[in-house]
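Structure first, then comments.
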Amino acid sequence: MDLKVFLVVFILFSAQSINVFCKDQDGFLSLSCGGTKDYTDSSNISWVSDSEYISTGNTTTINYIEGTSSTTVSVRFFPDSDQSRRCYKLPLKNVSSVVLIRAQFVYKNYDRLGKPPAFSVSLGTAITSTVNLSTSDPWNEEFLWPVNKDTLSFCLHSIPDGGSPVISSIEIRPLPQGAYQNGIGEFPNKSLRKSYRINSGYTNGSLRYPLDPYDRIWDADQNYTPFHVSSGFNKLLRFNLSSLSENPPAAVLQTARVLARRDVLTYNLALDTHGDYHIVLYFAGILPVSPSFEVLINGDIAESDYTVKMSEASALYSTQKRIKSLNITLKSINFYPQINGIEVYEIVEIPLEASSTTVSALQVIEQSAGLDLGWEDDPCSPKSWDHIGCEGSLVTSLELSDINLRAIIPTFGDLLDLKTLDLHNTSLAGEIQNLGSLQNLEKLNLSFNQITSFGTELDNLVSLQILDLQNNSLEGAVPDGLGELEDLHLLNLENNKLQGSLPQSLNRESLEVRTSGNPCLSFSTMSCNDVSSNPSIETPQVTIFTKKKPNKSNHIAIILGAAAGTILALLVISLSVFLYTKKQNTEVTYTDRTAIEMRNWNAARVFSYKEIKSATNNFKEVIGRGSFGSVYLGKLSDGKPVAVKVRFDKTQLGADSFINEVYLLSQIRHQNLVCLEGFCYESKQQILVYEYLPGGSLAEHLYGLNSQKVSLSWVRRLKIAVDAAKGLDYLHNGNEPRIIHRDVKCSNILLDKDMNAKVCDFGLSKQVMQADASHVTTVVKGTAGYLDPEYYSTQQLTEKSDVYSFGVVLLELICGREPLRHSGTPDSFNLVLWVLQYKLQKII
C-alpha cells in the first residue's frame, strides 16, 4: 500500500471512527478507593470504584466516629510484602491546562494494630508530600497540577518502617483555563500543594460544590480575629470576574473580614515546610465604601495603596521564597481594610522527564529481550526503575546482568548519557556492536558471554575507563584502536582465545592489562610457535607497569643514553612538525576545495566552525537531542533562525562519505521536507545546519505544551497528514537515490508558523543506492511503537516500513494518544493492537 492509498484510508477511517477512539473524559472524576459500588453523595457528585485504575492492593471498609456523627469509608491498603510502588493511572485527556487533584488517606485502626502508617506520595515525576497518619487521621492532600499528558501517575511509596500505605479517595477537578499561572508559570515544571484556602468572614463551615463549580473546598474563617462581616444585604450583587482567571465563587466574594475599630488587620498562618509559597488574596467591593490600605506580606510591602472599589472584584498575587511562616497584614489608609478570600500554596518542583529517545530505547530493549521489568512511566523520577541509575533526568547506568539477551540490541546506542553498562552473563554472542555512539561510557562489562569478535566500535568510546571482556570466546589479535582510549585504566581479557602481540599503545603505566587464560598474548614479539614448542614457558601475565629506579653503576650508561635520546627526540620533533604542517596544509587545501565545490552546487552553504559558534552563541541553547547528536538554536548573520545539528565526536563518517552524503541531501528541495541550509566540516566537526521551524513538532501539539495553545481541528490534522505524506512520497519516489526514512514519528514532523508540516531527520546513510533495489539489509533502527514488525523480525528494510510508521502517525492524529502507554488493560498498551481490537469487533 503506497502513501496515497493510505491517505484515502485515513480519511475514511477518521470519519467513521471519531466516536470510537476519541471519547471525551471531561468533568469530575471521583474514585472511591477500595469501594465496590458506584454512588452519588449529598452534593450530587458521582463516585465510582477505583478498580479500573489500579490492579494491586487489598480493600476493606471502616466505620468510625467523627465528631458527633458516624462515618463509613472504604479504603485500599498495600501490605509491606507488596511492591514498593503502587500507582493509579489517572486520565487527564480533554481537560484544562490545570487540574485540582485531591486525595484522602484514612487509617482509623482498620487493622487493629494501632500503628498508623507513614509513606510518600508522588504525582508524575515529583515526590509531592509525605503522609503521616500518626499526626493526622484522616490526612488530606490537594494539588494543582499542570496538564501536559493524557494520563498522570499517582503513586504511593513505602518508606522504611513506615507500615502499609493506605488511601480512601482520589478526586480530579478541571480548573478554569489559565488559572493559577502566576504560581505555576508557563512551563510544566512546577505544581502547587494547598496549604490554606480561607473563605474570609464566613464562620458556618466549609464551602464547596455546587457553590464553587470547580469543587474547591473553602474553609471557614472562624479561627481569626477580630471581626467579620457578611454581605447578607448584598447576596444578589454580581461582580465582573473577567480579570480573575481563577474565577472564585460568588459565595466567597460576598463575605469579608473587615477591621471595624482598628487600623491593622492581620493573619498569621503556620506553614508545614520551609519552602517557596504562592499566595492569592481576593478582594470584592461588597460595602458601600471604597477602602484603601497597605498590604504587607512577611513585613514586605506587596501594595502600598490598594483600593477595593464597589461592585468590583480583584486579586493580589505574591510569591514568597524560602519562608517558614506567613504573616499577611493590611494597614488602613482610607476607611477600614477588608479581605474576602485567601489561598496559600507550597510550590513543588517537578523534575524533568527523561528524553523520549531514552524511554523508547529502553522500551525496545525490554520488549526485544522478552522481559517484564516493570518499566513504566519515567525511568528516573520519582524513583529510578530497577536495573537503572540516573543523574537528574539522565539515564547514566544500566545493569542487566544474568538476563538472557542473546544479542546487543540496536537501541543500546541511543542511551547517549550512559556512563556504566553492565551486560555480564547475558548470553551475548558474536560481534560487539551498536555501542559506538556512547561517548560518555566509562565502564563496560561484557564478561562471561560468548562474544567472538571485538567489532569496530570500541575505539569510539572515548571516555571508557574500564573494559571487562573476561570469560568470552574472543579470537585473533587485540585491535590497535583500544590503545587510543586515553582514559582506559583497566582492560580485562582473561580466559579468551586471543593470541599474538598486544598493541604497544596499551603498554603504559596508567593501564592494567589482564591476559591470563589466553593461548598466547603479550607485548613480546615472541611467536606463539615458540611458546607451544617449549611447554616450560608459561603464558605471559601482564599487569601494571612501573618505572624502576636506576642504580649508581648505570650512571654513565644513562648519561650516554640520554644524549642519544635527546638527538633522537630532536629528529622526531622536527619530523613531526614537518608532517603536522603538511597535514594542516592538506586539510586547508581540502576544506578550500570542498568549499569551492559546494558553492558550485548552488545549494548547501559551507560554514566555518567560527561562524557556527557565533550563530549558536557558543552552543548555548539545546532544543533537541538524537542519535546524530545535539541540536542547537542558532541565528545566522542575516538574522535567519536555524537548527544546528552537531554530530558526536568520533562517530563521524569518513570525510569523503560525509561530503558526498551532504551533497545528496543538499539536492533535496521539497516544500514538505525540512531544508538543509548548509554544513560545517572543520576542526574534526561534522555539523548540519537546517531551517528552523517555530511551530515545533506534531508530538508537542498532540501531547505537549502546544496542545493547550493551538487546537488541532480535524481539517488541520488532515492537512498535516497530507503534507507529511507528500514529503515521504518525495523521499521514496521523487528523489534519486531514493531515501528510506527509518524513523517516521510525530516528533520528526515539524510545523512552520502557518502550521504547514515538514518531515525532518531523514539524515545521513539512509539512501537506497540502486534504483531497482527492493530492500536493503541493515541494523534495525527506529522508535518503539512505530517499528514495522516485519522489518524488526527480518531486518529487511523497504519503503513499506516507513508506510507502517506513517500509519501509526495517522492513528495518533485520529485518537490523540501515544503509540505506547501503560494505562488501562494490557491489550491497550500498544496503539496498533488497541485499534485492531475495534476492527475485529466490527468484523465479528
Side-chain angles (χ1 to χ4, degrees), residues 27-80 82 86-91 99-123 128-143 152-159 162-173 193-194 197 205-212 214-220:
F28 295 176
L29 175 64
S30 304
L31 300 182
S32 173
C33 300
T36 57
K37 295 181 180 179
D38 299 348
Y39 68 94
T40 301
D41 65 14
S42 58
S43 298
N44 202 33
I45 295 176
S46 298
W47 290 79
V48 298
S49 170
D50 67 338
S51 57
E52 292 186 10
Y53 301 90
I54 195 168
S55 58
T56 63
N58 301 332
T59 64
T60 189
T61 301
I62 305 174
N63 297 302
Y64 64 95
I65 304 298
E66 190 73 30
T68 59
S69 61
S70 176
T71 302
T72 301
V73 298
S74 60
V75 298
R76 184 177 292 272
F77 62 96
F78 306 89
D80 291 337
D82 204 349
R86 300 89 173 178
C87 295
Y88 285 85
K89 297 294 184 180
L90 304 179
V99 296
L100 181 153
I101 299 174
R102 185 164 50 230
Q104 184 178 67
F105 310 89
V106 181
Y107 174 62
K108 296 299 179 182
N109 202 25
Y110 73 88
D111 55 7
R112 303 294 188 269
L113 296 177
K115 296 181 178 180
F119 49 90
S120 59
V121 176
S122 70
L123 285 171
T128 53
S129 59
T130 298
V131 174
N132 188 347
L133 288 166
S134 65
T135 60
S136 179
D137 184 11
W139 182 293
N140 296 290
E141 288 285 353
E142 185 176 306
F143 306 94
L152 174 66
S153 292
F154 181 104
C155 303
L156 310 182
H157 304 262
S158 297
I159 61 179
S164 301
V166 60
I167 187 168
S168 177
S169 66
I170 303 176
E171 301 167 79
I172 298 178
R173 306 290 186 254
R193 179 191 178 208
K194 175 193 166 187
R197 187 181 294 118
S206 61
L207 180 153
R208 61 180 300 181
Y209 183 85
L211 292 176
D212 186 335
Y214 302 102
D215 197 23
R216 291 166 291 196
I217 299 176
W218 298 81
D219 297 320

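Here the structure is a predicted model, which means the values were calculated and not measured.
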How would you list, by chain and number, every residue that makes a ring pair (Phe, Tyr, Trp, His ring centres under 6.0 Å) with F119, sequence neighbours excluded?
F105

Are R208 and E171 close enough for a salt bridge, meaning some N to O gap below 4.0 Å?
yes

Could you report the tightest heavy-atom contact between P117 and G163, atom names first, then the distance?
CB-C, 4.1 Å

Just verifying a value: how many Å separate R86 CZ and S164 OG, rounded to the nearest 0.5 Å?
7.5 Å

Give, for atom CZ of F154 and atom CG of L90, the distance between the pair rounded to the nearest 0.5 Å.
7.5 Å

Partners meeting side chain to side chain contact (heavy atoms under 4.5 Å, CB included) with D111 (sequence neighbours left out)
Y107, N109, L113

How far does OG of S129 sit from CD of E142, to the nearest 0.5 angstrom?
12.0 Å

Those residues that, when tested against T135, pass side chain to side chain contact (heavy atoms under 4.5 Å, CB included) (two or more places apart):
N132, W139

Shortest non-hydrogen contact between G205 and A220, atoms and distance
O-CB, 3.5 Å

Applying the side-chain contact (heavy atoms from CB on, under 4.5 Å) criterion to V75, which one of T61, V166, N58, T59 satisfies it?
V166

Do S169 and R102 have side-chain N/O donor and acceptor atoms under 3.5 Å apart?
no

Under the side chain to side chain contact (heavy atoms under 4.5 Å, CB included) criterion, do C33 and I170 qualify, and how do the steps go?
CA-CA 7 Å; C33 300; I170 303 176; 4.0 Å; yes

Determine the minimum heavy-atom distance between P138 and Y64, stating which atoms define it.
CG-OH, 3.9 Å

T72: partners by side chain to side chain donor-acceptor pair (under 3.5 Å), with sequence neighbours left out:
N63

Mind checking what makes side chain to side chain contact (heavy atoms under 4.5 Å, CB included) contact with Y39, not counting sequence neighbours?
S32, D41, W47

I167 and side-chain contact (heavy atoms from CB on, under 4.5 Å): which single residue from L156, D50, L31, I54 fits?
L156

Looking only at heavy atoms, which two atoms of Y214 and F28 are closest? And how far apart?
C-CZ, 4.3 Å

Got a sec, which residues hit side chain to side chain contact (heavy atoms under 4.5 Å, CB included) with S206, two or more places apart in sequence or on another chain?
I217, D219

Looking only at heavy atoms, the pair that brings S74 and G35 closest together is OG-N, 3.3 Å

Taking atom types as modelled, is there a side-chain donor on K89 or S153 under 3.5 Å from an acceptor on the other?
yes

Under 3.5 Å: donor-acceptor pair, side chain of S120, backbone of S158
no

So if I apply the side chain to side chain donor-acceptor pair (under 3.5 Å) rule between E141 and each of Q104, R193, K194, which one comes out positive?
R193

Walk me through it: do V131 and V121 pass the test side chain to side chain contact (heavy atoms under 4.5 Å, CB included)?
CA-CA 7 Å; V131 174; V121 176; 3.7 Å; yes

Quick check: does any side chain N or O of R173 sit under 3.5 Å from a backbone N or O of L29, one acting as donor and the other as acceptor?
yes

For residues D215 and L100, determine if any side-chain heavy atom of one lies less than 4.5 Å from a side-chain heavy atom of the other.
no

One should read off an interatomic distance between I101 CD1 and Y88 OH, to the nearest 0.5 angstrom, of 13.5 Å

R76 side chain to T56 backbone, donor-acceptor under 3.5 Å:
yes

Could you walk me through whether V106 and D137 satisfy the side chain to side chain contact (heavy atoms under 4.5 Å, CB included) test, starting with their C-alpha distance in whole Å, then the side-chain angles of each, then the deciding distance to 0.1 Å, before giving a yes or no?
CA-CA 6 Å; V106 181; D137 184 11; 4.0 Å; yes

If you take all heavy atoms of S30 and S46, which pair is closest and at what distance?
CB-O, 3.4 Å

